Amino acid sequence: MAAFNETIAQAYAVQGASIDLGRGVLDDKLVSDAVVLLPLATMNRHGLIAGATGTGKTRTLQLIAEQLSDAGVSVFAADYKGDLSGLSQAGAADGPAPKRMADLGLPYQPTAYPVEFLSLGGIGDGVPVRATVTDFGPELLGKVLSANETQEQTLALLFRFADERGFGLVDLADLRALLTYLGSDAGKADLTGIGGVSSATIGVLLRSLVELEDGGGKEFFGEPLFEIADLMRTAADGRGIISCLELSAIQDKPALFSTALMWLLAELFEQLPEVGDLDKPKLVFFFDEAHLLFADATKSFLESVERTVRMIRSKGVGVFFVTQAPTDVPSAVLGQLGARVQHALRAFTPEDADALKKTVRTYPTSEFYDLEKLITSVGTGEAVVTILSEKGVPTPVVHTRLRAPRSSMSTASGIAAAAAASSLAVKYGTRLEKESAAEQLAQRVQQAPAAPADQPAAPKHESKAKQASDPLTDFLGSRQGKTLQREVIRGAFSLLRKRL
Ligand SMILES: Nc1ncnc2c1ncn2[C@@H]1O[C@H](COP(=O)(O)OP(=O)(O)O)[C@@H](O)[C@H]1O
Ligand SMILES: [Mg+2]
């Protein structure tokens, strides 16, 4: 035992500030002086919280978020089931939380935390987070449309075309109008001009757009655009604000939210300055249901995710992926996650057993545990932990009984009221209504005579035709000078590529 105590206490000791995760366990016995600390200085080296349903992932996220907030670090967390909302309320006086703290021999201090509730486009409760189609960029849009490489490339060409013509793609109606236009007789010349885009692909994209429109895209895409700085705030008392993106109302629309989370991450990467390694991160971003991000992704998309995760470290942002099995995360990403909090994994099927073996191989070897056995047998609210020490060295694996959160482990009440009372509600609460440009373009398409393909569509009024010689420019003229206009199409990921 002595060897265990000393090894763990030494390996996890820190000079600077840290998160207290819990206490070590050996042979089913709690070892009080095996204190398991996660240094704030290595939290920009990212992490993984994994485990089967009901094993304690959300509570681990919650207790880490609380201590980050206490340390003045802002937190962003996707609240997939709504059960993280309890962060805004003090924990219960009895029940599993005080019981756990008593078991650990630690004081239990129920505490409410400063929480900002967000939602995607106002679906469900929370201040609406919106993005314009232009801001989202072709690569992320391709992902959310389940586009293949060809379709993704087509989107990139269309975005560039729209940009050259000054056509701000704000919402999905704009994108639909553009696709419809290019697929029509009126847009034929423009389509040919773009080059490398087939009308068949335009048709496929139009069809896949329907699903996105119904899957929350109508609400999410639009203005005002959410500003990343609003995720990096601290409360008046100095604690970091925890932004909870409430997703329970769109659980049945997974395609959108995983991509929207990636968009936020890409925005953070683009907009934050280089800071190198800090004493503590500026923001920690918890990416829940991470498997959705990687499922069916194209190779280039995965490469972009991998790069973003690798490079965001120097911007002082830590990313923690939360998912069921580590094998949900591609190895190029997994290899960059310094901290591992592995809750129990089940091994029912041969596939499970395989995943378990693979998982064990990604851990340092342990002189104290049989890892395969340990990972399948740790209790609820316990985990198999290894992190990066302040020196950047992986720590020995320790079976950890985690602390309980101080805030409520139940879903909070009054989320809608809290969001309505937030200062951000003034800024983002109401969708910015734009001129119905998309409708105008749709009209153009309708009015275009079924002229021979090589003849440009006849403009409706001579006078108008003099000002603008082609239907798209004509139509787009109405948008010039609008805030929606962006100098460059900077699809987050494309920009990242250019920089490299
Ligand atoms: N650290 C913890 N302290 C006390 N109870 C916990 C802890 N972790 C998990 N539990 C108990 O287990 C339940 C399920 O945990 P949860 O985090 O919701 O699982 P998951 O997110 O993996 O599905 C909690 O509601 C709580 O009762
Ligand atoms: Mg959970």
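Start at 1 and go down the list; that is how both ligands and their atoms are numbered. Quick caveat: nothing in here was measured; it's all calculated off a predicted structure.
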Any side-chain donor paired with an acceptor under 3.5 Å for [X] and [Y]?
{"X": "Thr53", "Y": "Gln324", "value": "yes"}
{"X": "Glu274", "Y": "Ser314", "value": "yes"}
{"X": "Ser304", "Y": "Glu139", "value": "yes"}
{"X": "Thr359", "Y": "Gln342", "value": "no"}

Report the nearest protein non-hydrogen atom to [atom]: residue, atom name, distance rounded to 0.1 Å.
{"atom": "atom 26 (C) of ligand 1", "answer": "Met409 CE, 3.9 Å"}
{"atom": "atom 19 (O) of ligand 1", "answer": "Gly56 N, 3.1 Å"}
{"atom": "atom 27 (O) of ligand 1", "answer": "Pro96 CG, 3.8 Å"}
{"atom": "atom 11 (C) of ligand 1", "answer": "Thr380 CG2, 3.8 Å"}

Checklist entry - Which residue from Arg401, Arg59, Lys81 reaches closest to atom 24 (C) of ligand 1 through any of its heavy atoms? => result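 Among Arg401, Arg59, Lys81, the closest heavy atom to atom 24 (C) of ligand 1 belongs to Arg59.
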Next on the checklist: Heavy atom to atom 23 (O) of ligand 1, shortest distance: which of Gly22, Ser410, Gly54 holds it?
Outcome noted: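 Heavy atom nearest to atom 23 (O) of ligand 1 belongs to Gly54.
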Checklist entry - Looking only at heavy atoms, what is the nearest atom pair of Pro98 and Ala92, with distance? => result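 Closest heavy-atom pair between Pro98 and Ala92: CD-O, 3.9 Å.
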Checklist entry - Between Ile242 and Tyr113, what is the shortest heavy-atom contact and its length? => result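 Looks like CD1-CB, 4.0 Å.
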Checklist entry - Tyr363 and Tyr369: aromatic ring centres closer than 6.0 Å? => result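 When the ring centroids of Tyr363 and Tyr369 are compared, they turn out to be at least 6.0 Å apart.
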Donor-acceptor contacts under 3.5 Å from residues 275-293 side chains, at least two apart:
| residue | atom | partner | partner atom | Å |
| --- | --- | --- | --- | --- |
| Asp277 | OD1 | Asn44 | ND2 | 2.9 |
| Asp277 | OD2 | Arg313 | NH2 | 3.3 |
| Lys280 | NZ | Ala71 | O | 2.8 |

Checklist entry - Are any side-chain N or O atoms of Asp352 and backbone N or O atoms of Phe348, one a donor and one an acceptor, separated by less than 3.5 Å? => result yes
Next on the checklist: With a heavy-atom distance limit of 4.0 Å, tell me whether Thr58 approaches ligand 1 through its side chain, its backbone, both, or neither.
Outcome noted: both
Item to check | Region of Arg403 engaging ligand 1 - heavy atom pairs below 4.0 Å | outcome: backbone
Item to check | Numbered atoms and elements of ligand 1 in range of Ala52, under 4.0 angstrom, heavy atoms | outcome: 22 (O)
Checklist entry - Which atoms of ligand 1 have any heavy atom of Thr53 under 4.0 Å away? => result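 This gives 23 (O) as the contact atoms.
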Item to check | the Mg ion (ligand 2) neighbourhood, protein N/O/S only, threshold under 2.8 Å | outcome: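 Counting only protein N, O or S atoms under 2.8 Å from the Mg ion (ligand 2), the list reads Thr58 OG1.
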Item to check | Worked check of side-chain hydrogen bond (donor to acceptor under 3.5 Å, both in side chains) between Gln271 and Glu267 | outcome: CA-CA 6 Å; Gln271 294 183 26; Glu267 288 290 301; 2.8 Å; yes
Checklist entry - Below 4.5 Å, heavy atoms only, C-beta onward: do His399 and Phe368 meet side chain to side chain? => result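 No, side chains not in contact.
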